[in-house]
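In what follows, a structure is listed as structure tokens, so that the remarks can point back to it.
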Amino acid sequence: MSPQRVLSGMRPTGQLHLGHYHGVLKNWLKLQNEYECFFFVADWHALTTDYENPQLIASYVWDNVIDWLAVGVNPGSARLFIQSRVPEHAELHLLLSMFTPLSWLERVPTYKDQQEKLSNRDLTTYGFLGYPLLQTADIMIYKAGFVPVGEDQVAHVELAREIARRFNHLYGKEPGFEAKVLAAAKKMGKKNNLLYHDLRRNYQEQGDALALEKARAMVERQQNISIGDRERLTGYLEGSGKMIFPEPQALLTKAAKMPGLDGQKMSKSYGNTISLRDTPAAVTEKIRTMPTDPARVRRNDPGHPDKCPVWNLHEVYSSEDQKNWAREGCISAGIGCLDCKQPVIESILKELAPIRKRFVASFPRVANRHGKWPVKLWMRCGRLLV
Ligand code: TRP
Ligand code: SF4
């Protein structure tokens with residue numbers, strides 16, 4: 001049981017952009033200071049939809065890791081790893097598949113949704129159906145307590161909970177369970193033994209969730225009991241078998257939707273992104289050439305922010321004062337569109353500057369090693385040391 005452990009993965013499907021930064025990475029930066037974090041490149045997950053381009057995925061793997069480091073993900077605090085270098089992910093996925101009913105996978109909403117959305121690809125594959133089960137294996141291997149996800153992935157964490165429960169139900173049973181639990185509880189000492197049974201009774205008879213939490217924490221704190229006894233003591237609180245895998249919880253992240261250059265959500269497939277690696281000149285050019293309210297043909301034509309994608313960026317980056325200035329200037333034709341864009345350009349450059357600085361500082365070192373990485377990969381435990 002590791003209730004304070006967070007696990008999160010990202011599929012390497014392209015260059016990281018401001019959408020990733022606002023939607024995922026900023027949250028990781030916060031989490032890495034608050035929890036024990038495991039962050040990984042989900043390259044096998046990328047393969048479920050892009051199986052025709054494995055080389056491309058392989059190249060994005062390292063690009064993504066570089067960008068994580070550049071934004072400030074700290075390998076001294078969070079563990080970073082690459083899914084495919086830890087073959088146990090595939091192994092557990094296989095084992096879980098033995099008892100996972102097909103219907104559980106078929107009813108996960110993303111299965112049908114994504115098939116419709118990515119209709120240019122054939123996703124009636126076994127691998128794609130198993131996508132959330134592979135994700136379940138990712139989570140279960142590390143016994144993660146929390147999984148930061150957006151709204152669309154909550155159903156995947158829900159599946160992981162069901163699978164963990166089923167696993168515990170199937171494999172947590174053993175002859176003489178009750179006698180073993182009682183013996184294990186005694187090993188915690190006289191006082192703890194009594195407290196353990198009191199807390200369990202409070203939970204089971206009165207549904208006291210706090211008592212359950214306290215009892216779990218108490219079992220977690222014990223240093224002199226075996227893994228088996230720990231699983232028995234945790235399992236006995238709620239049922240009649242070992243708790244081998246904890247049930248993970250979704251850590252819902254507020255969907256910070258980053259608008260793209262055309263007003264739609266920023267996404268590679270819309271070609272409307274600002275990459276974390278764009279040079280200041282490229283960023284400036286991209287924003288200067290952004291479309292604006294078509295009503296503003298000439299400098300003197302008034303426009304309306306509601307019809308302009310630049311306004312969406314003001315919403316993300318500008319202070320109230322700045323927004324009032326832009327709104328009034330737009331409606332009254334008091335300012336031109338280039339004037340209006342200037343503070344947005346400056347804010348984005350300011351946000352990207354430290355990222356770019358770290359990137360430029362480390363990239364030559366990387367390149368000089370003839371494509372080899374100055375990293376040690378601890379494959380078995382999945383820890384990446386930079
Ligand atoms: N499915 C996630 C996504 O598309 C990526 C992912 C794979 C993941 N395995 C995970 C996220 C485990 C959290 C935990 O973004
Ligand atoms: Fe858009 Fe600003 Fe031009 Fe108005 S002034 S159309 S908000 S860029």
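The structure displayed is predicted, hence computed values, not measured ones. Order of listing sets the numbers, starting from 1, for every ligand and every atom in it.
Annotation: R288, atom CZ; neighbour count of heavy atoms from other residues, nucleotides and ligands within 6.0 Å does not exceed 12.
A cation-pi contact, defined as under 6.0 Å to the ring centre and within 45° of the axis, is absent between R5 and Y35. Stacking of R11 on the aromatic ring of W44 is not recorded, the 6.0 Å distance cut-off and the 45° axial limit not both being met.
Looking only at atom types and distance, the side chain of Y21 has no donor-acceptor partner in the side chain of E351 under 3.5 Å away.
In this structure T124 satisfies the side chain to side chain donor-acceptor pair (under 3.5 Å) test together with D122, sequence neighbours excluded. With sequence neighbours excluded, the residues satisfying side chain to side chain contact (heavy atoms under 4.5 Å, CB included) with S267 are S269, Y270.
Between D198 and R201 a salt bridge is recorded (basic side-chain N to carboxylate O distance below 4.0 Å). Between R121 and D50 there is a salt bridge, since a side-chain N of the basic residue sits under 4.0 Å from a carboxylate O of the acidic one.
Here atom 3 (Fe) of ligand 2 has protein N, O or S atoms under 2.8 Å from it, and they come to 1.
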Between ligand 1 and the protein, tabulate every N or O atom pair separated by less than 3.5 Å, reporting distance only.
from     : atom 1 : to   : atom 2 : distance (Å)
ligand 1 : 1 (N)  : Y131 : OH     : 2.6
ligand 1 : 1 (N)  : Q135 : OE1    : 3.2
ligand 1 : 1 (N)  : Q153 : OE1    : 2.9
ligand 1 : 4 (O)  : R11  : NE     : 3.0
ligand 1 : 4 (O)  : R11  : NH2    : 3.4
ligand 1 : 4 (O)  : Y131 : OH     : 3.0
ligand 1 : 9 (N)  : D138 : OD2    : 2.7

_Run the salt bridge (charged side-chain N to carboxylate O under 4.0 Å, His left out) test on E162 and R107 for me, step by step, so that the C-alpha distance in whole Å, both residues' side-chain angles and the decisive distance to 0.1 Å come before the verdict._
CA-CA 13 Å; E162 285 173 25; R107 69 164 194 242; 3.2 Å; yes
